[in-house]
Colleague: 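Here it is, the structure, as structure tokens.
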Amino acid sequence: MSNFVWPLRVYWEDTDAGGVVFYANYLKFFERARTEWLRSLGIEQQTLADTSGVVFVVRSTSVEYNAPARLDDQLQIRTDIERVGPASVQFAQEAWREGVLLASGQIRVGCVDKITFRPAPIPAPVLATIKNAR
């Protein structure tokens, strides 16, 4: 899916003592956007866990920070798929404010068994849905 965009408002709890968004909170913003992207495809993560016995977990991240976001800013979190494998998805995500790129990241998400946390294949219907969203 090209440029799924999730709007997000910066709240007091998102900022640090300097009044800007605390760097780690961008990972939370990216997580919310990926969850909403899945939801837009009809994939509910709790239902997936309950019916298929698998969950998605973050395997790796890298984030670059370009400009600060501040209290009450309205952000747009963009999500793109870079690569889909049998048990993982690589995302490119960005946080924007009024045409200014604030942060960009690469996030790799893996599918694991919800009990053992060992790698597991993405269930076929879910994998097909994700591939068709590209």
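These numbers come from a predicted model, not from an experiment.
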Colleague: When you measure from the side chain of Asp73 to the backbone of Ala69, do you find a donor-acceptor pair of N or O atoms at a distance under 3.5 Å?
Modeller: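 Flag not set: sc Asp73 to bb Ala69 has no pair under 3.5 Å.
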Colleague: For the atom pair CD (Gln76) and CD (Glu94), what is the distance rounded to the nearest 0.5 Å?
Modeller: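 One gets 11.5 Å once the value is rounded to the nearest 0.5 Å.
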Colleague: Between Ala103 and Phe30, which heavy-atom pair has the shortest distance, and what is it?
Modeller: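 Residues Ala103 and Phe30, closest heavy atoms: O-CZ, 4.2 Å.
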Colleague: Take the angle between the ring planes of Tyr26 and Phe29 and call it parallel below 30°, perpendicular above 60°, tilted in between.
Modeller: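 Answer is perpendicular, since the angle exceeds 60°.
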Colleague: Please confirm whether the backbone N or O of Asn3 pairs with a side-chain atom of Asp80, one donor and one acceptor, at under 3.5 Å?
Modeller: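 Yes.
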Colleague: Quick one, Phe56 and Ile122 - any side-chain contact, counting heavy atoms below 4.5 Å?
Modeller: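 Counting from C-beta outward, Phe56 and Ile122 do come under 4.5 Å.
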Colleague: Could you grab the distance from atom CG of Leu48 to atom NZ of Lys114, nearest 0.5 Å is fine?
Modeller: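 Rounded to the nearest 0.5 Å, the CG-NZ separation comes out at 9.5 Å.
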Colleague: So with a 6.0 Å cut-off around NZ of Lys28, is the heavy-atom count from everything else above 12?
Modeller: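 No, not enclosed.
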Colleague: Between Gln93 and Arg78, is any side-chain donor less than 3.5 angstrom from a side-chain acceptor?
Modeller: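 On atom types as modelled, these side chains do not qualify, holding no pair under 3.5 Å.
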Colleague: Does the side chain of Arg9 come under 3.5 Å of the side chain of Gln74 through a donor N or O and an acceptor N or O?
Modeller: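 Judged by distance alone, the side chains do pair up.
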Colleague: Are any side-chain N or O atoms of Asp14 and backbone N or O atoms of Tyr11, one a donor and one an acceptor, separated by less than 3.5 Å?
Modeller: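 Confirmed, Asp14 side chain pairs with Tyr11 backbone.
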Colleague: How long is the gap from CZ on Arg108 to OG on Ser88, to the nearest 0.5 Å?
Modeller: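 Between Arg108 CZ and Ser88 OG, I get 4.0 Å after rounding to 0.5 Å.
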Colleague: Can you tell me how far the CG atom of Leu101 sits from the OH atom of Tyr65, to the nearest 0.5 Å?
Modeller: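 Nearest 0.5 Å value for the CG-OH distance: 12.5 Å.
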Colleague: Would you say the side-chain atoms of Arg39 pair up with the backbone N or O of Arg34, donor to acceptor, closer than 3.5 Å?
Modeller: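 No.
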Colleague: Give a yes or no on whether the backbone of Gly19 and the side-chain of Asp16 come within a donor-acceptor separation of less than 3.5 Å.
Modeller: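 It does hold such a pair.
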Colleague: Given 3.5 Å as the limit, does a donor-acceptor pair link the side chain of Thr116 with the main chain of Arg118, or not?
Modeller: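 A pair under 3.5 Å: yes.
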Colleague: Rounded to the nearest 0.5 Å, what's the gap from CD1 on Ile130 to CG on Leu41? Could you check?
Modeller: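 Output value for this atom pair is 7.5 Å.
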Colleague: State whether the number of non-hydrogen atoms from other residues, nucleotides or ligands found under 6.0 Å of Arg59 atom CZ is greater than 12.
Modeller: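 Not more than 12 within 6.0 Å, no.
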Colleague: Rounded to the nearest 0.5 Å, what separates atom CZ in Phe91 from atom CD in Gln106?
Modeller: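 If we round to the nearest 0.5 Å, Phe91:CZ and Gln106:CD are 12.0 Å apart.
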Colleague: Counting only heavy atoms from other residues, nucleotides and ligands, does the tally under 6.0 Å from CD of Glu44 exceed 12?
Modeller: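 Yes, the 6.0 Å shell around CD holds more than 12 heavy atoms from other groups.
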Colleague: Provide the closest heavy-atom pair for Ala120 versus Ala87 in the form atom of the first, atom of the second, distance.
Modeller: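 For Ala120 versus Ala87, the nearest heavy atoms are O-CB, 3.3 Å.
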Colleague: Using only atom types and a distance under 3.5 Å, with no angle test, would you say the side chain of Thr15 pairs donor to acceptor with the backbone of Trp12?
Modeller: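 Here the side-chain-to-backbone pair exists.
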Colleague: Looking at Leu75, Val21, Asn66, Ile77, which one forms a side chain to side chain contact (heavy atoms under 4.5 Å, CB included) with Leu102?
Modeller: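 Exactly one option meets the side chain to side chain contact (heavy atoms under 4.5 Å, CB included) with Leu102, and it is Leu75.
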